[in-house]
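Labels below follow one simple rule: chain letters A, B, ... track the order of the sequence lines, proteins then strands, and each chain is numbered from 1. Computed from a predicted structure; not experimentally measured.
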2 protein chains.
Amino acid sequence: MFNQFRNKFPLDDSKWNEYTSYFKRLEVSAKTILLEEGEISKRLFIIEKGCIRVWFNNNGKDLTTQFFFENQSVASIESFIKKLPSPVFVETIEPSVLWWIHKSDVDIILEEIKEIPELRDHLINRLFQRTFDYIHHFVSFIKDSPAQRYLNLSEENPQIIQRVPQHYIASYLGVSTVHLSRIKSKLLQKK
Amino acid sequence: MFNQFRNKFPLDDSKWNEYTSYFKRLEVSAKTILLEEGEISKRLFIIEKGCIRVWFNNNGKDLTTQFFFENQSVASIESFIKKLPSPVFVETIEPSVLWWIHKSDVDIILEEIKEIPELRDHLINRLFQRTFDYIHHFVSFIKDSPAQRYLNLSEENPQIIQRVPQHYIASYLGVSTVHLSRIKSKLLQKK
DNA sequence: ATCATTTGATAACAAATGTTATCGTCTGTC
DNA sequence: GACAGACGATAACATTTGTTATCAAATGAT
């Protein structure tokens with residue numbers, strides 16, 4: 001699982017082996033809740049196989065805010081970093097194979113690799129990029145129609161369209177399930 | 001201008017004086033464009049007095065994505081960091097007093113203060129916080145009605161309501177100017 | 001003071017989107 | 001195979017929101 005990332009990290013073998021040994025394997029069925037709303041997130045997950053959504057309950061309706069697939073890391077990020085109760089659920093969509101690491105081990109690793117400029121800059125750049133991604137996502141809400149947002153998603157993240165049940169996608173795009181269904185059928189007519 | 005921040009930075013006086021000397025003062029009228037769309041952002045601004053918006057042109061309509069006030073720093077952030085053509089304009093709303101610093105000087109400072117753990121962690125935390133803020137903003141688009149978004153803004157950032165022309169706020173909230181006007185009048189009726 | 005421009009409110013109508021309900025298909029479980 | 005539940009399409013109707021146009025007030029420049 002971790003060998004594919006080996007060359008991205010300028011670490012000697014002993015550190016590499018130490019860090020990867022912190023991870024534990026976890027195999028779960030679809031619709032397994034990995035983190036409850038209100039719980040403090042203490043585990044960071046990496047997806048070997050499967051997919052995960054992050055969602056919250058808003059007046060009885062569940063609204064999905066993020067999707068994750070193979071090789072991505074997942075947590076209720078604000079809860080994980082600030083040790084606050086999570087405002088969201090983290091739940092598998094498909095049967096999944098995951099690797100997880102405890103927050104205390106992450107803290108150890110982070111503290112150590114801060115001294116390695118190459119890694120440190122790499123992490124900071126990832127942080128910036130994540131911020132930029134959220135800006136793009138938010139801008140699309142004031143710039144694009146729901147139909148356009150659906151088209152964007154098809155291009156930028158076709159996995160979501162292909163693997164995720166449609167009613168989860170609807171709330172992610174900020175529309176009702178009925179309207180998303182309408183959007184799809186209108187797009188089909190045009191082709 | 002900078003003395004108010006002096007105690008936040010654990011730097012000796014010589015470094016402090018060197019860094020602050022990089023900034024130049026700039027006084028401009030309302031509606032001054034500080035950065036054009038397509039231009040590569042090379043200046044970071046700090047607002048001593050006044051306010052600024054970031055916006056872009058979308059099919060003839062101008063859409064505002066951010067507002068900034070006193071003591072905040074402003075740039076087309078992705079352009080500034082990645083040296084890419086800016087997708088947005090940066091423009092004053094009020095007559096403003098600004099201090100700006102060239103990107104090359106920022107790079108020098110950043111490179112140096114990376115070695116100071118306290119400052120480094122502070123900057124990383126600010127980066128995280130900014131990411132969290134964008135997440136909150138984006139979530140409000142799938143969670144709240146436009147009227148609720150307006151109410152949130154009144155509470156979280158009343159300066160925007162008080163100092164920014166309403167038609168700029170409309171696009172920031174993702175509604176037409178006419179509809180924002182309707183939202184306000186409905187809210188007044190209820191009181 | 002006068003004039004043009006900006007800003008914002010409102011009305012009337014059009015278009016987009018939500019809500020509720022119904023139906024059919026598919027999937028997993030027993 | 002039978003059944004329940006999940007999923008998605010569609011229709012009918014209600015509500016929200018956008019568009020265009022008009023008017024009034026505030027603001028800035030001369």
Q: Please find out if less than 6.0 Å separates the ring center of B:Tyr134 from that of A:Tyr134.
A: no
Q | Identified side chain to side chain contact (heavy atoms under 4.5 Å, CB included) partner of B:Arg53 from the options B:Ile160, B:Val74, B:Asp62, B:Val88 | A | B:Asp62
Q) Starting at the 5' end of DNA chain D and moving along, which residue's nearest nucleotide shows up first, B:Ile183 or B:Val178? A) B:Ile183
Q: List in numerical order all residues of residues 50-70 of chain B for which some heavy atom is under 4.0 Å away from an atom belonging to DNA chain D.
A: B:Lys61
Q: Would you kindly give the NE2-to-P distance between B:His179 and C:dA14, to the nearest whole Å?
A: 19 Å
Please enumerate all protein N or O atoms sitting under 3.5 Å from an N or O of nucleotides 28-30 of chain C, with distances to 0.1 Å.
none

Q: Just jot down the ring-ring contact (aromatic ring centres under 6.0 Å, His included) partners of A:Phe138, sequence neighbours excluded, or say none.
A: B:His137
Q.
Could you check whether B:Glu91 pairs with B:Lys31 (Lys NZ or Arg NE/NH1/NH2 to Asp/Glu carboxylate O, under 4.0 Å)?
A. no
**Q.** Steps toward side chain to side chain contact (heavy atoms under 4.5 Å, CB included) verdict (A:Arg25, A:Val97)
**A.** CA-CA 7 Å; A:Arg25 194 170 188 277; A:Val97 178; 3.4 Å; yes
**Q.** Qualifying salt bridge (charged side-chain N to carboxylate O under 4.0 Å, His left out) pairs, either residue in residues 34-48 of chain A, two or more places apart
**A.** none
Q) Of all residues at least two apart in sequence or in a different chain, which pass the ring-ring contact (aromatic ring centres under 6.0 Å, His included) check with B:Tyr168? A) none
Q: Would you grab the first and last nucleotide of DNA chain D (5' to 3') that comes under 4.0 Å of any non-hydrogen atom in chain A?
A: D:dA6 to D:dA12
Q.
According to salt bridge (charged side-chain N to carboxylate O under 4.0 Å, His left out), does anything in residues 128-150 of chain B pair up with another residue at least two apart or in another chain? List the pairs.
A. none
Q) Do A:Phe67 and A:Asn157 come within less than 4.5 Å of each other through their side chains, counting heavy atoms only? A) no
Q: Only counting residues at least two apart or in another chain, list the ones meeting side-chain hydrogen bond (donor to acceptor under 3.5 Å, both in side chains) with B:His136.
A: A:Glu78
**Q.** B:Lys24 NZ: over 12 foreign heavy atoms closer than 6.0 Å
**A.** yes
Atom pairs, N/O to N/O, protein against nucleotides 5-8 of chain C, distance under 3.5 Å?
from	atom 1	to	atom 2	distance (Å)
C:dT7	OP2	B:His167	NE2	3.0
C:dG8	OP1	B:Gln166	N	2.9
C:dG8	OP2	B:Gln166	N	2.6
C:dG8	OP2	B:His167	N	3.2
C:dG8	OP2	B:His167	ND1	3.1

Q) How close or far is atom P of C:dT17 from atom CD1 of B:Ile142, stated in whole angstroms? A) 16 Å
Q: Determine the minimum heavy-atom distance between B:Arg120 and A:Lys114, stating which atoms define it.
A: NH2-CD, 3.4 Å
(Q) Among residues at least two apart in sequence or on other chains, which ones pass ring-ring contact (aromatic ring centres under 6.0 Å, His included) with A:Phe2? (A) A:Phe23, A:Trp99
Q: Kindly check if the number of other-residue, nucleotide or ligand heavy atoms within 6.0 Å of CD (A:Gln162) is above 12?
A: yes
Q | B:Phe80: ring-ring contact (aromatic ring centres under 6.0 Å, His included) partners, not counting sequence neighbours | A | none
Q) Over its full length, what angle do the end axes of the helix from C:dA1-D:dT30 to C:dC30-D:dG1 make, each axis taken from five pairs and the result rounded to 10 degrees? A) 50°
